[in-house]
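Residue numbering restarts at 1 for every chain, and letters A, B, ... go by the order of the sequence lines. Just so you know, these numbers use all the heavy atoms, side chains as well, and skip hydrogens, waters and symmetry mates. It should be emphasised that the depicted structure is a prediction, and the values quoted were computed from it without experimental measurement.
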Amino acid sequence: MVEITGMKQVSEVVWEIPTSYKQGMVVPARIYATKKLLGGMDRGVFEQVTNVASLPGILKYAYAMADAHWGYGFPIGGVAAFDMEKGVISPGGIGFDVNCGMRLIRTNLRFAEVKPKVKELVDLLFRLVPAGVGVKGFVNVSQSQFEEIMRFGVKWCAENDYGWDDDVSHVEEGGFIKGADPSKVSTQASSRGIRQLGTLGSGNHYLEIQVVDPSRHFDPELAKNFGIVHPDQVLVMIHCGSRGFGHQIGSDYLRVFDGAMKRYGINVRDRELACAPFTSKEGGDYYGAMVCAANMAFANRQVIVHRVREAFKKVFHREAEALDLHIIYDVCHNVAKSEKHRLNGSEKELLVHRKGATRSFGPGHHDIPAPYRQLGQPVIIGGSMETGSYLLIGTAKAMEETFGSTAHGSGRTMSRTAAKKQIRGNELQRSMESRGIYVKAATMDGLAEEAGVAYKDISEVVETMSIAGISKKVVALRPIGNIKG
DNA sequence: ATGTTC
C-alpha cells in the first residue's frame with residue numbers, strides 16, 4: 001500500500017489525509033475505500049485529491065471515491081464543493097466529457113422472452129445508435145433548435161417527439177440544468193455538437209441489455225418501487241455524454257482559464273487544475289457554456305432512449321408503452337452545479353463538482369421523482385461490459401457526509417494500451433458470447449480496451465459505498481447484450 | 001473522453 005504521511009482511518013472505509021500533508025491544503029482530503037481498494041490506488045489519486053484540497057474556497061473535504069483513479073488535474077471519482085462567492089470553477093473538476101452519465105430504462109420483459117431475440121435487438125440497435133469516434137447522428141436540427149437543446153435538454157426532446165412527458169421528471173435536475181448560455185459556446189463547439197445527437201461515442205460508452213442478477217443482489221421490496229418486480233427482468237442501460245461538443249467547450253475554456261488565473265492571482269499546484277473564481281466573467285462564461293454541454297448530453301441520452309423504444313417495438317411487435325419502457329432514472333457523472341447543502345448547521349448554496357462521481361440525494365429531497373422520493377434518489381453504477389452493474393439509492397448519510405455524492409463505476413486498473421496488448425478483441429467477443437453476452441463493437445481494439453480485467457471489481461466498489469452508508473443496494477444487473485463505441 | 005497529437 002502507498003504510504004501517505006499522516007493519513008488516518010476514520011471508519012472502516014473512510015481515510016483522511018490532514019492539511020499538514022502538503023503546503024497550501026485548505027481542507028483535509030477524504031478517501032472512501034476498503035483496505036483492498038485503497039491498496040490498489042495509485043499515488044496519483046492521493047496527490048491529486050490533496051491538490052484539489054488546496055483550491056480557493058473549497059469546503060469541508062476534497063473527496064476521492066472507491067473507484068478513484070488518476071485523471072486530468074482532479075482524480076476521476078472525485079467530489080469537491082466550493083463556496084459560491086469565494087470559490088472557483090474548474091474544468092478539470094468536471095471532465096472533458098461534460099455530463100457523461102448513466103440512464104436506466106426498465107422493460108416488463110423477462111429473460112426467457114428476450115434471450116432468443118438478443119442478437120436481433122443488438123444488431124438493430126447497433127444500426128439505430130451510431131457508435132464510435134467521430135460518428136454522426138440521424139437527428140437534423142437547425143442552429144436555433146440546437147440552442148433550444150442546449151437550454152432545455154430532455155424537455156426539448158419530449159416536446160419534439162423524442163420522448164414521453166414523464167421522461168423529463170425521471171432525469172437528474174428535471175432533464176435540464178438551469179443557467180445555460182448558448183452565447184458562451186464557440187461556433188466550433190456548436191458545429192461539432194449539432195450532428196452528434198443520438199450517438200454513443202467511444203471508449204467506455206455503451207448501450208447494454210441487462211437482466212436482474214439475484215445471485216449478486218436483489219432486494220424485491222426496494223426494487224418494486226422502481227418497477228422491477230421479477231428476479232429475471234430485463235433492463236436497458238445507457239452510458240454516454242456530450243461527445244465532441246462538451247470536449248470542445250472544455251478545451252476552449254481551459255485556454256481562457258490559463259490567462260484568467262494570472263489576472264486573478266490564483267496559483268495552483270498543477271496546471272491541469274486551471275480554474276477561475278465562480279463569480280468572475282470567465283468563471284460565469286464557462287458555467288453557462290458547460291451547462292449547455294450538460295443539457296446536450298441529457299438530450300443525447302434521450303434520443304438514444306427514443307431509438308431503444310423503436311427497436312424494442314420492432315423486435316417484440318408491441319408498443320413501447322405496452323413494454324413499459326420507462327426511464328427509471330438518469331444521473332450525471334461529470335458536472336458542476338449549484339446545489340443546496342447543510343454546512344455548519346445552516347443550508348447554503350454551493351458549487352458541487354463531481355467528476356466520475358454520482359449524486360446520491362437522500363430520502364425526501366424535492367429533486368427526486370415523486371414515486372421514489374421517500375426512498376432516495378436512484379443511483380446507477382455502471383460496471384464493465386463483462387461484470388455487470390447496480391442500481392442503488394441515495395441516503396441521508398450521503399447528504400451529511402459527501403454533499404450527497406457517491407462513486408460512479410468500477411474505475412480502470414489497466415491502461416488502454418496494456419489492455420490492448422493483453423487481449424484480442426475478436427477472442428474476447430467470442431468468449432463473451434459463449435458466456436451469454438452478445439456484443440457488437442465499433443472496433444475490435446476498442447472492445448479489447450474495455451475488457452472486464454481492465455477494471456476494478458464493481459462489487460467491491462459498491463460494497464464500500466454500502467458500508468460507508470452513502471448509498472444503498474437495490475439490485476445487481478448482468479449484461480446479456482452490449483453495443484460498444 | 002476526443003474529427004484519439006490544434
Just the rounded figure in Å: distance from P of B/dT2 to OH of A/Tyr253. 21 Å

When we call it a touch if two heavy atoms are under 4.0 Å apart, what does A/Arg412 touch: a base, just sugar-phosphate, or nothing? nothing

Plane angle bin for A/His353 and A/Phe74 - parallel if under 30°, tilted between 30 and 60°, otherwise perpendicular: parallel

Give the rounded distance in Å between these two atoms: CD1 of A/Ile249 and C1' of B/dC6. 17 Å

Determine: side-chain N/O of A/Ser202 to OP1/OP2 of B/dT2, distance under 4.0 Å, yes or no. yes

Interatomic distance, A/Asp252 CG vs B/dT2 C1' [rounded to whole Å]: 13 Å

Here's a test of your reading of the structure: between A/Arg255 and A/Arg416, which maps to the more 5' nucleotide of DNA chain B? A/Arg416

So how far is it from A/Thr395 OG1 to A/Phe361 CZ, rounded to the nearest 0.5 Å? 11.5 Å

For A/Tyr72 and B/dT4, give me the distance from atom OH to atom P, rounded to whole Å. 17 Å

Reckon A/Gly250 touches a base, only the sugar-phosphate, or nothing at all at heavy-atom distances under 4.0 Å? nothing

Report all side-chain donor-acceptor pairs from residues 149-156 of chain A shorter than 3.5 Å, counting only partners two or more places apart or in another chain.
unit_1	atom_1	unit_2	atom_2	d
A/Arg151	NH1	A/Glu148	OE2	3.4
A/Lys155	NZ	A/Glu159	OE2	3.4

Using a heavy-atom cut-off of under 4.0 Å over every strand shown, decide if A/Gln188 touches base, sugar-phosphate, or nothing. base

Spacing between A/Ile94 atom CD1 and B/dT2 atom C1', to the nearest angstrom: 17 Å

Rounding to a whole Å, what distance do you find between A/Leu254:CG and B/dT2:P? 16 Å

Write down the distance between CG (A/Asp258) and P (B/dC6), rounded to a whole number of angstrom. 18 Å

Rounded to whole angstroms, how far apart are CD on A/Gln248 and C1' on B/dT4? 14 Å

Among pairs that include at least one residue of residues 264-281 of chain A, which meet salt bridge (Lys or Arg N to Asp or Glu O under 4.0 Å), considering only residues two or more places apart or in two chains? A/Asp258-A/Arg271, A/Lys281-A/Asp285

